[in-house]
Amino acid sequence: MTAMLPDFRLDGRRALVTGAGRGIGLAIAQAYAEAGAEVTLCARTAPEIEAAAAELRAAGLAAEALALDVTDIAAFEAAVVARAPFDVFVNNAGTNRPKPLSEVTEADYDEVMGLNLKAAMFCARPVTRRMVAAGPGGSDLNMSSQMGHVGARDRTLYCASKWAIEGFTKALAVELGEHGIRVNTICPTFIETPMTKPFFEDSAFRASVLSKIKLGRLGQVDDVTGAAVFLASDASALMTGSALMLDGGWTAD
């Protein structure tokens, strides 16, 4: 018997990606569209996602822009209910305020946990509810981090949010497994994006990061898109409640 080639195509599927205006989110949305999905790009900045969606449509791909703040739980739920159910959801919107715990404020906590955890949970709720009703199956991807598996200086708050996402993902995978809906995390190391690039201008910080990445280089957005397509597609049909590490070996020791 000849083994079948895994199917990474997403033809006929609807995908929603938050934080899709730039960086990792935009790259994932583009990859999904190229793989055949009808993609909804969601972000606060309307001009960015409208331009990105228009560029995809100009290339003959299916894309729409959804301009809203995912921390507005009611607005997000209304937007999801007003659309056909999604087959793939990427909970990508996130933020960080790196500083030692002694300097973390309640405002920092509310900002980071409000976006990285609260919004992730309450955005997944209406999307997966619709997935269950439409049935069967679906894929929910939560953007985590290597920092959801280790600790690091100045990242008590960020680590707390990502460790929480890992637990949330496993629990949701248990809840939704009977409906054929898979729930997994993607856990990148430091990825060079417009948001992170200024940090790497600090040579000491850059050297510190590279000393922990066994492959000796920073991640690029293209290092994440393959994993995102894999987890959305039938190629990962038996994978749920798992964390896919894209950390260049950071957590290997």
Side-chain angles (χ1 to χ4, degrees), residues 10-20 24-25 28-29 31-33 35-44 62-66 68-94 113-145 148 161-187 224 227-244:
L10 301 176
D11 300 287
R13 300 185 195 187
R14 288 173 44 76
L16 171 60
V17 182
T18 67
I24 292 173
I28 290 174
Y32 282 175
E38 178 184 337
V39 182
T40 298
L41 297 86
C42 177
R44 290 180 297 182
E64 70 158 345
L66 175 58
L68 58 76
D69 186 338
V70 294
T71 62
D72 187 337
I73 305 301
F76 184 86
E77 181 162 355
V80 169
V81 170
R83 288 164 168 76
F86 292 98
D87 305 290
V88 180
F89 178 46
V90 183
N91 237 326
N92 172 70
M113 298 298 280
L115 182 55
N116 291 9
L117 181 59
K118 182 180 178 180
M121 291 183 68
F122 284 95
C123 287
R125 184 179 64 173
V127 176
T128 57
R129 183 187 291 150
R130 301 267 285 166
M131 280 184 184
V132 169
S139 178
D140 180 1
L141 282 66
N142 294 316
M143 189 57 65
S144 183
S145 167
S161 73
K162 294 305 184 181
W163 279 76
I165 280 293
E166 292 294 336
F168 166 63
T169 297
K170 290 184 181 299
L172 189 58
V174 172
E175 286 187 16
L176 299 180
E178 65 189 76
H179 302 286
I181 297 170
R182 300 179 298 104
V183 190
N184 295 287
T185 61
I186 296 177
C187 306
V224 182
V229 171
F230 167 69
L231 288 174
S233 74
D234 292 341
S236 59
L238 197 59
M239 188 171 178
T240 194
S242 295
L244 187 52

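Here the closest non-hydrogen pair linking Asp87 and Gly12 is OD2-O, 4.1 Å. Across all non-hydrogen atoms, the minimal contact from Phe76 to Cys42 is CE1-SG, 4.4 Å. Among all heavy-atom pairs drawn from Asn91 and Cys123, the shortest one is OD1-CB, 4.1 Å. Heavy atoms only, all atoms of each residue included: Asp140 and Ala124 are closest at OD2-CB, 3.9 Å. When every heavy atom of Ala79 is checked against every heavy atom of Leu68, the shortest pair comes out as CB-CD2, 3.7 Å. Minimum interatomic distance between Arg14 and Ala84 (heavy atoms only, all atoms of both residues): NH2-O, 3.0 Å.
Checking Arg182 against Ser236 by side-chain atom types alone, a donor-acceptor pair falls below 3.5 Å.
Residues Arg125 and Met121 have side chains not in contact (no heavy-atom distance under 4.5 Å, counting atoms from C-beta outward). Two residues are said to be in side-chain contact when any heavy atoms from C-beta on lie closer than 4.5 Å; Leu244 and Asn184 fail this criterion. Looking at heavy atoms from C-beta onward, Cys187 lies out of side-chain contact with Lys162 at the 4.5 angstrom threshold. Annotation: side chain of Val224 is in contact with side chain of Met143 (closest heavy-atom distance under 4.5 Å). Residues Arg83 and Leu66 meet the side-chain proximity criterion, which asks for heavy atoms closer than 4.5 Å.
One finds the CD atom of Glu77 at 11.0 Å from the CG atom of Asp72 (value rounded to the nearest 0.5 Å). Taking CG from Leu16 and CZ from Phe86, the interatomic distance works out to 4.5 Å, rounded to the nearest 0.5 Å. One distance of note links CD1 of Ile165 with OG1 of Thr185; it measures 9.0 Å at 0.5 Å rounding. Rounding to the nearest 0.5 angstrom, the gap separating the CD1 atom in Ile28 from the OH atom in Tyr32 is 6.0 Å. Here the straight-line distance linking atom OG of Ser139 with atom CD1 of Ile181 works out to 9.5 Å at 0.5 Å rounding. Rounding to the nearest 0.5 Å places OG1 of Thr128 at 9.5 Å from NE2 of His179.
Applying the side chain to side chain contact (heavy atoms under 4.5 Å, CB included) test between Ile186 and each of Leu141, Asn142, Val90 identifies Leu141 as the sole match. When each of Ser144, Ser161, Ser145 is paired with Asn116, the side-chain hydrogen bond (donor to acceptor under 3.5 Å, both in side chains) condition holds for Ser161 and for no other.
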Exercise. Yes or no on side-chain contact (heavy atoms from CB on, under 4.5 Å) for Thr18 and Phe89, after CA distance, side-chain angles and deciding distance?
Worked result: CA-CA 8 Å; Thr18 67; Phe89 178 46; 3.7 Å; yes
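The pair Arg13-Asp234 meets the salt-bridge criterion, since a charged nitrogen lies less than 4.0 angstrom from a carboxylate oxygen.
Side-chain atoms of Lys170 come within 3.5 Å of backbone N or O of Gly241 as a donor-acceptor pair.
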